[in-house]
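What you see is a predicted model; the values in this text were computed from it and never measured.
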Amino acid sequence: MPSDTTNQTPYYVTTPIYYVNDRPHIGHCYTTLIADVAARAQRLVGRDVFFLTGTDEHAEKVSKTAAENAKTPYEWATINAERFRDAFRFMNFSNDDFVRTTEDRHKDKASAYIEQLLDQGDIELGDYEGWYDPSQEEYLTEIVAKENDYKSPVTGKPLEKRVEQNYFFRLDKYQDWLEQQITSGEISVLPEARKNEVLGRLKQGLMKVPVSRRIKEGDADWGIRMPGDDAHRIYVWIEALCNYLTIVDTDERKKYWDGEVVHLMAKDIIWFHAIIWPAMLHALGKEPPRTVYAHAYWIAEGTKMSKSLGNFIEIDLLRAYAEKYSLDAVRWFLTTQGPLGANDADFAHSRFIEVYNADLANSVGNSMSRVGNMVHKYYNGIIPGTCNGEFGFPNGSSLQTALKALENAGKAVDDPTRTFRFAEFTSNATDNALRALETVDLESMLDSGRSIVRHVDEFISYCAPFTLAKQLDALDDGDHALTSILYSCAEALRIASLLLSPAMPEKMAELWRNWSCSHLADPNNANSGFVAPLAELARWGGEYSIKKGQQIAKGDALFMRADASEPAPEPAPEPERIG
RNA sequence: GGCCCCGUAGCUCAGCGGUUAGAGCGCGCGACUCAUAAUCGUUUGGUCCCCGGUUCGAAUCCGGGCGGGGCUACCA
């Protein structure tokens, strides 16, 4: 998509709603972070964005742990939902809403959807027969049961064959439709590896899926009752999926479901999102999601995270990293080094430092710092003039003058015939970023921003404005040349900063304050929204460009270089918490 | 058991039939000094997991193997 047009389709991005009994860890933060970066990027583009996350609260175990902690299920869920809210606030996520499945706005609509499916015959009563593991209180599939010799994989006790009456969703009716939708890409299942997995499994055939649970003696009143049958409640998973629709199923928000719907999640729950949910939507007469994107997992210092090892990277460790290296650095590391593809990614301290120094301190931060410093040093921080960003062409002389200065100083000039076109370069980078964004390729989107930074660094080394600055009196055109060079560096970095801002909103807002750039509705609030779409903000020499006379303050280093020999941050000792 | 993915430079990965296989990072060297001992240039570095096959030609397609990982529907 060329940068001079703005996609007007509303953009709706979701994360799974998180199981309230979990403690917020890197996995929850990562999925929500990529949703946040995508949402911020789309808002920057100028689209109408709705970004939803929240908590899934009607699980049976929630009422159990609540009882163990002498709380009602709702009180317990509230305490834990707050932990997610805290974690997400800390991560500076820009979600437009936070759904709790215990809210009426969700329950009422979810219940209505199920009722509709019942009325239509898409949900019907039937018998569920399976191998029950009494010790774990769960059913195992025939295959799993057989593999374990019909014994509990956990306790080794014999499994029981049980029959239970349940309501079933006729998923089997939608096999052909699903296959067509996914194969054709109408529902885009990403990454490709996951799409193959889903299609492969689809070929094995679909069964009816149980969508209710019989309410047992002594059960807490928790969850949503099956419409028309108080003996059952809606199975949490089925009810939970409905959140994506319930929360935007209002007059004001329905435009988001009619727009581009993108569901993000980790790979373990792709089946629910790529198969069961689209089939339910189709049965309800709603459009399926446009994109179902399942990322892989984080591992910790080369080791898989597990409950038994207790090595989850929890929010407190991320807080410790943010404390030391800044939150935006953490966001950058997670976004660019994360498991967005099919392979798992490693959260390793040495890697964090490497990436922090290479990408942020030495590249983005340093480049902005050196340019700011030169404007400060040579022009008292006031941009003396503008430039079209073209160097080395016949009608210009700035680069030639700069090279002359190098020659006068007895310095080597590598290739005197080089040319630079910053307007074109930054516009291409912007287009590349937009193209990457369409497939949620955030790493490559952000790299487009960084490519501008690299280009600026290369340009500075090539034309050496600092050498030129020492000969302003000796060269006729010296001042004009220096002005052109510094302006172009600053303007290019300004455009780079826009492309980097979805991952690092606070740091880029800081740069804009230092450089007096008015991109934000409120310069002091990085979350206040952009004053224009990217196509206008990023136009070289356009309305929002750096102007003659604009103040460029040196400011503090955005990312101070990290010392690799220092020990890795550790989570602060945790204050007493329930759970 | 079934199905799927991955295995390419020290690390992370791109390339998926066609000139001497690439990028970023790291390492070494040179240059530079505006900048956060940053930057720029450049070198080094690879039986493209193994064995067979198809082809004028394979990292790329096919078959088989080895190694790593995933999914297999009621924990969420």
Original post:
If the C1' atom of B:G45 is compared with that of B:C50, how far apart are they to the nearest Å?
Top reply: 23 Å
**OP:** Give A:Leu199 one of three labels, base, sugar-phosphate or nothing, depending on what nucleic acid heavy atoms sit under 4.0 Å from its own.
**Re:** nothing
**OP:** Could you tell me whether A:Arg162 sits above the aromatic face of A:Tyr139, with NZ or CZ closer than 6.0 angstrom to the six-membered ring centre and within 45 degrees of the axis?
**Re:** no
Original post:
Can a cation-pi geometry be assigned to A:Lys507 and A:Phe559, taking NZ or CZ under 6.0 Å from the six-membered ring centre and within 45° of the ring axis?
Top reply: yes
Original post:
C1' atom, B:C29 versus B:A59: distance in rounded Å?
Top reply: 31 Å
**OP:** Name the nucleic acid region contacted by A:Leu558, choosing base, sugar-phosphate or nothing; use a 4.0 angstrom heavy-atom cut-off, strictly under.
**Re:** base
**OP:** Quick one: label A:Val209 by what it contacts on the DNA or RNA (base, sugar-phosphate, nothing), any heavy atom closer than 4.0 Å.
**Re:** base
Subject >> Rounded distance in Å between the C1' positions of B:U60 and B:C49 >> reply: 15 Å
Subject >> Heavy-atom contact window of chain A on RNA chain B, given 5' to 3' at under 4.0 Å >> reply: B:G1 to B:A76
**OP:** Classify the nucleic acid contact of A:Gly205 as base, sugar-phosphate or nothing, counting any heavy atom under 4.0 Å across all strands shown.
**Re:** base
Original post:
Which atom names give the shortest non-hydrogen contact between A:Thr419 and A:Gly392, and what distance separates them?
Top reply: CG2-O, 3.5 Å
**OP:** Remember a base hit wins even if backbone is also touched, and classify A:Tyr19 as base, sugar-phosphate or nothing at under 4.0 Å, heavy atoms.
**Re:** sugar-phosphate
Original post:
Expressed in whole Å, how much space separates the C1' atoms belonging to B:G67 and B:A58?
Top reply: 22 Å
**OP:** Assign A:Ala557 to base, sugar-phosphate, or nothing according to its heavy-atom contacts below 4.0 angstrom with the strands shown.
**Re:** base
Original post:
Of A:Asn362 and A:Glu129, whose closest RNA chain B nucleotide lies nearer the 5' terminus?
Top reply: A:Asn362
Original post:
Are A:Tyr487 and A:Tyr379 near enough that their ring centres are under 6.0 Å apart?
Top reply: no
**OP:** Would you mind classifying the nucleic acid contact of A:Ala361 as base, sugar-phosphate or nothing, using non-hydrogen atoms under 4.0 angstrom?
**Re:** base
Original post:
Checking all strands, does A:Tyr235 fall into the base, sugar-phosphate, or nothing category for heavy-atom contacts under 4.0 angstrom?
Top reply: sugar-phosphate
**OP:** Give A:Tyr378 one of three labels, base, sugar-phosphate or nothing, depending on what nucleic acid heavy atoms sit under 4.0 Å from its own.
**Re:** sugar-phosphate
**OP:** With a 3.5 angstrom cut-off on both distances, give the Watson-Crick or G-U wobble partner of B:G1, or none if there isn't one.
**Re:** B:U72
Original post:
For A:Lys470, which contact category applies under a 4.0 Å heavy-atom criterion: base, sugar-phosphate, or nothing?
Top reply: sugar-phosphate
Original post:
Contact class for A:Leu206 vs. all strands (heavy atom < 4.0 Å): base, sugar-phosphate, or nothing?
Top reply: base
Subject >> Nearest-Å distance once atom C1' is located in both B:C16 and B:G22 >> reply: 14 Å
**OP:** Classify the nucleic acid contact of A:Met368 as base, sugar-phosphate or nothing, counting any heavy atom under 4.0 Å across all strands shown.
**Re:** nothing
Original post:
How far does the P atom of B:C13 sit from the matching atom of B:G17, given to the nearest Å?
Top reply: 22 Å
Subject >> Separation of the P atoms in B:G10 and B:G63, to the nearest angstrom >> reply: 30 Å
Subject >> Distance between P atoms of B:C74 and B:G69 (Å, rounded) >> reply: 25 Å
Original post:
With sugar-phosphate meaning primed atoms plus P, OP1 and OP2, does A:Lys203 contact a base, only sugar-phosphate, or nothing at under 4.0 Å between heavy atoms?
Top reply: nothing
**OP:** Quick one: label A:Pro465 by what it contacts on the DNA or RNA (base, sugar-phosphate, nothing), any heavy atom closer than 4.0 Å.
**Re:** nothing
**OP:** Could you please name the partner base of B:U47, counting Watson-Crick and G-U wobble pairs only when both distances are under 3.5 Å?
**Re:** none
Original post:
For the residue pair A:Phe98 and A:Phe84, is the inter-centroid distance of their aromatic rings smaller than 6.0 Å?
Top reply: no
**OP:** State which residue, out of A:Tyr244, A:Trp277, A:Trp237, fulfils the ring-ring contact (aromatic ring centres under 6.0 Å, His included) condition with A:Phe272.
**Re:** A:Trp237
Original post:
A:Phe168 vs A:Tyr128 aromatic rings, parallel, tilted or perpendicular, using cut-offs 30° and 60°?
Top reply: parallel
**OP:** Could you tell me how the ring of A:Phe459 sits relative to the ring of A:Phe391: parallel (under 30°), tilted (30 to 60°) or perpendicular (over 60°)?
**Re:** tilted
**OP:** Using the closest heavy atom to pick a nucleotide of RNA chain B for each, name whichever of A:Asn373 or A:Val453 lands nearer the 5' end.
**Re:** A:Asn373
**OP:** Please report the closest heavy-atom contact between A:Arg194 and A:Ile270, naming both atoms and the distance.
**Re:** CB-CD1, 3.6 Å
Original post:
With both distances under 3.5 angstrom, what nucleotide forms a Watson-Crick or G-U wobble pair with B:A37?
Top reply: none
